There are 2 protein chains.
Amino acid sequence: MIRSTLYCLAVQSGKLSLAKYAGGALIPTLSIDRDDRATITVQLVSALRDLILSGQLRAGERLPASRTLAQDQGVSRTTAINAYEQLTAEGLLRSQVGSGTFVSDSIPTHQEPAEIENSGAMPRLAHLSAEASDQYFPRLSHPETPRAFVTGMPAFDVFPMPLWSRLASRYWRSPRSLVMSYPDACGLLELRQAVCQHLRANRGVNCTPEEVFIFSGAQNAFNRIGSMLLDPGDPVWFENPGAIGARNSLISCGAQLIPVPVDEQGMDVKAGLVAAPNFRLAFVTPAHQHPLGTTMTTERRFELLRAAENAGAWVVEDDFVGEFHYGTHTPPPLKSIDASGRVIYVGTFSKALFPALRLGYVIAPPKLVPIFQRIAQATMQGTPASLQSIVADFINEGHFAAHIRRMRDIYAERRDTLMLEASRSLNGLLKVQPTDTGFHTVGDLTHPNLTDVAISQAAHSAGIVTAPVSRFTIQPVPRQAITLGFSAVTPAQIQKGVQALASVIRDAMASA
Amino acid sequence: MIRSTLYCLAVQSGKLSLAKYAGGALIPTLSIDRDDRATITVQLVSALRDLILSGQLRAGERLPASRTLAQDQGVSRTTAINAYEQLTAEGLLRSQVGSGTFVSDSIPTHQEPAEIENSGAMPRLAHLSAEASDQYFPRLSHPETPRAFVTGMPAFDVFPMPLWSRLASRYWRSPRSLVMSYPDACGLLELRQAVCQHLRANRGVNCTPEEVFIFSGAQNAFNRIGSMLLDPGDPVWFENPGAIGARNSLISCGAQLIPVPVDEQGMDVKAGLVAAPNFRLAFVTPAHQHPLGTTMTTERRFELLRAAENAGAWVVEDDFVGEFHYGTHTPPPLKSIDASGRVIYVGTFSKALFPALRLGYVIAPPKLVPIFQRIAQATMQGTPASLQSIVADFINEGHFAAHIRRMRDIYAERRDTLMLEASRSLNGLLKVQPTDTGFHTVGDLTHPNLTDVAISQAAHSAGIVTAPVSRFTIQPVPRQAITLGFSAVTPAQIQKGVQALASVIRDAMASA
């Protein structure tokens, strides 16, 4: 690559003539990288263009003859001529027969790029976007390799990768027009059918393929749902504490978030009704409350649906780990008891398969199906056909059901290990809440002077991944608790993690 | 799958006792599908739940004993007991020792699903979304297999699929934490670096990896750019005729589209200044105007940048086929001559590789980099890691540059075939415009009584894919022209297509 700095001139002045050219402007040595993938002509054109646009070569200035340029820059004469021709075709140079090549007179004098970058004026953003970006909640970052007690990550170590690779290899041997074309904006039909089958068998949700819309991850679904249904200022019930990603999506749409408390039965619907009876949408994680790990009772589910019906509100059900329950029975998803067609169900393959897929889906209530279709067809181009197709095959050939069954056993075992180790080593330090669902639970600090923020930070320093529940709150909650993921790490790692966490808390108590 | 309709009752009444049960409510025969992937218990639970929620089994009603249910439905007693237990756990049934199982009293009486679907009341949407969806322009649909003269599709027949498959297979053997984790929300670093390298070598654009943001296709980039920069009502310069997808994205954000005429030099900047001097954003396709196929002159490019600078406006440069130019020299992308940092460059791999990938990218001006970062990190989770990584390898190992060089030759040959065949067979029928760039050109109808809409329809009936230019207009333009893609089909197909098109136009002229 060519870098056109005056520094080059100074350093390389030994081999570069600095005498005033009779033949045209002085051009610094442009260091050409012969190992670069860009051709020498491209590099030369790009460097000369930079000199012109940055004003180092001024409008009307004469350039050296191509022969001189070639000599000075150590390139062939053809390269130099080609570069001048290209820049002339671009309108940056003009050539005048008999008198040489000049920088065009029409080149506007521009600011130095450095000046632009450093000037204080902020470009104007959309109001909504500018306001939202101040309100965003920082998302948890995921460690590169799974560590205790990371949350929201499936067990990478036991995923059937050889099987997956076989399906992927087979896919790329399919007919080219299938493999290469634009996918359906609403989602691949095979995957939409497979999702229906999966939800019926695993979640008791009955839906048709037309009601299924495939998104590049659940987060994109939240973005779309928000902009489809919410006007700026619309009150939205949001669990407090609650999920961070979905919250940011709703904030982006200008939603007025109404924090609704969560107790051991799930979202406190009565409190929501007191705070904002005319809510426009409620966002809930009924199967496994994020981040508390509790399951919403059936009674509360009906209460929420009734409240939504009375208010004319939508309900977004984020069933992100719905497949993973370890007890005998679980309450039905809101979607399966939604008799008035106001529940928008959002599922994901990030937990049941793996996050790098970026595949999520929406089951739209019948009334919203044409709207989703219209918006998808007008403004979306679908998610990658390959991954949709491979996941559809994975489901249709029975691997997905087998995988979920197997993972339930593995996660239940990991959860049991966490609870057992906690009962042995965290007594009097951290009250780890039992859970029958999902990838994580929370532990409440028992010492009155400890904060979840301080303990999380101390844990982090000790190499343990955990997050304070307070980080998920819109309004402070009267508990000091930290998240404890058990899905992504082995029982041995969990055991060690509990030991390490116990000393972190013990140390903190000693100095509290 | 079980369907609980009374129709079943009538049809199957021969084998079903309709006598009033002493033991509980009448339950219609639930047709259980033993080949279904859902277990029989799941099917039974789901069907009973439907009966309860639809009101066919009423609150407080007594159900048959599990033994009776098992007998009537042809399932094992254990299955019947499990189903009752599940529904009790869900809160839909209650069991009373000694007197049996009842539908819960707390079940609200719901409408029939049929009533909901048929009731006229439209659910409320966000105002912007409701307004936008009426204004959307229908997008062109792509034929399943390439046919003359489809536009916007690369040549599937010559793509190096065996090589691609090898890279894909190799990818899935990488370490699991790389392959399975959440990707960076802004894009995979390797791909961002590779995009920089590609743009420098092929487009003369200098950028840093931090300025590159990977999107799930260019359309998603347009959606994001629109919501980031536009307030509802903001005037946006849009080429007339112009691209449909980007237009829909901007409409979604409430943009007020200002149609700006396009001539053989590209967007008529002076006309734009008359129509809306205080435009907030200009959307352009300088390398290959969509749909006219012309290239914006360098003079016009500077004129546009100056106008944007004066108005404090942004410029979105959609460089969707920037890699494909067949002449000796092409004007530089706006991005490469943008000295004041207001050009947002959008590229895509849909044309240079293939559309099913859903990979596009934005090169953000320095001032917008932190905004893109903040929005991506808060509300995006990135595009699939696998495809990003495979494309990065494809670029880094030199295959991409070789592929583009090869495709340029192939597309130039196909374009030459089109022009040659047109000069032979379309003389006096259709004036096919020469083009040095992109995947298509347009042909102007020469007969004064023919419309592009009528000819496109007639062509469609004859198996030819073409679109009337009028379909791309916001305001009518004084020409009757149709699109002619040459990229996706072989010279032989182009030759046949020209013959077929000639007879379509000749027939239309005969009856005009």
Side-chain angles (χ1 to χ4, degrees), chain A residues 37-38 42 46 53 86 89-91 110 116-117 123 126-127 129 133 136 142 144-145 156 165 168-169 172 176-177 180-183 197 200-201 204 216-217 219 223 228-231 248-249 252 298-299 329 331-332 337 339-341 354-356 358 366-367 374 378-379 381 383-385 387, chain B residues 37-38 42 46 53 86 89-91 108 110 116-117 123 126-127 129 133 136 142 144-145 156 165 168-169 172 176-177 180-183 200-201 204 216-217 219 223 228-231 248-249 252 298-299 329 331-332 337 339-341 354-356 358 366-367 374 378-379 381 383-385 387:
Chain A
R37 187 140 308 143
V42 164
S46 167
L53 295 174
Q86 164 78 26
E90 290 183 3
H110 286 294
I116 307 155
E117 290 195 34
H127 288 117
S129 170
S133 68
Y136 289 142
H142 296 282
E144 290 224 340
T145 49
F156 292 169
S165 302
S169 298
W172 292 111
R176 286 177 183 229
S177 56
M180 298 178 73
S181 282
Y182 280 99
Q197 193 191 92
R200 190 152 46 73
S216 183
Q219 174 99 47
N223 292 333
M228 183 187 292
L229 302 178
L230 297 178
D231 286 322
N248 286 338
S249 293
S252 288
T298 301
E299 215 160 39
H329 297 311
I337 56 171
S340 68
F354 53 93
R358 310 312 311 124
K367 281 284 182 196
R374 209 179 311 156
T379 69
Q381 292 267 28
T383 58
L387 298 168
Chain B
R37 185 140 310 141
V42 165
S46 167
L53 296 174
Q86 164 79 28
E90 291 184 3
H110 286 293
I116 306 157
E117 290 194 36
H127 288 117
S129 169
S133 68
Y136 288 143
H142 296 282
E144 290 223 342
T145 50
F156 292 169
S165 302
S169 299
W172 292 112
R176 285 177 182 230
S177 56
M180 299 178 73
S181 282
Y182 281 98
R200 189 154 45 76
S216 183
Q219 174 99 47
N223 292 332
M228 184 187 292
L229 302 179
L230 297 176
D231 286 323
N248 286 338
S249 293
S252 288
T298 302
E299 215 160 41
H329 296 311
I337 56 170
S340 69
F354 53 93
R358 312 310 313 119
K367 282 282 183 196
R374 208 180 312 157
T379 71
Q381 294 266 25
T383 57
L387 298 168

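When reading the values below, keep in mind they use all heavy atoms of this one structure, side chains included, and skip hydrogens, waters and symmetry mates. Everything numeric in this text was worked out from a predicted model, so none of it was measured.
A heavy-atom distance below 4.5 Å is not found between the side chains of Trp172(A) and Ser169(B).
Interface summary for chain B: among Pro183(A), Ala356(A), Ser216(A), Gly204(A), the most heavy-atom pairs under 4.5 angstrom belong to Ala356(A). Counting heavy-atom pairs under 4.5 Å between each of Pro331(A), Ala385(A), Ala378(A) and chain B puts Ala378(A) at the top. By number of non-hydrogen pairs under 4.5 angstrom with chain A, the leading residue of Thr298(B), Asn248(B), Asp231(B), Asn223(B) is Asp231(B).
For chain B, the nearby part of Leu387(A) is the side chain; its heavy atoms alone come within less than 4.5 Å. With a 4.5 Å cut-off on non-hydrogen atoms, Ala168(A) touches chain B through its side chain but not through its backbone.
Here the closest heavy-atom approach between residue Pro355(B) and residue Met180(A) is recorded as CD-O, 3.0 Å. Closest approach of Pro384(A) to Pro384(B), counting heavy atoms only: CG-CG, 3.8 Å. Of all heavy-atom pairs between Ser177(B) and Thr145(A), the closest is OG-CG2, 3.7 Å. Taking all atoms of both residues into account, the shortest heavy-atom contact from Ser252(B) to Thr379(A) is OG-CG2, 3.3 Å.
At least one donor-acceptor pair under 3.5 Å links the side chain of Arg358(B) to the backbone N or O of Gln381(A).
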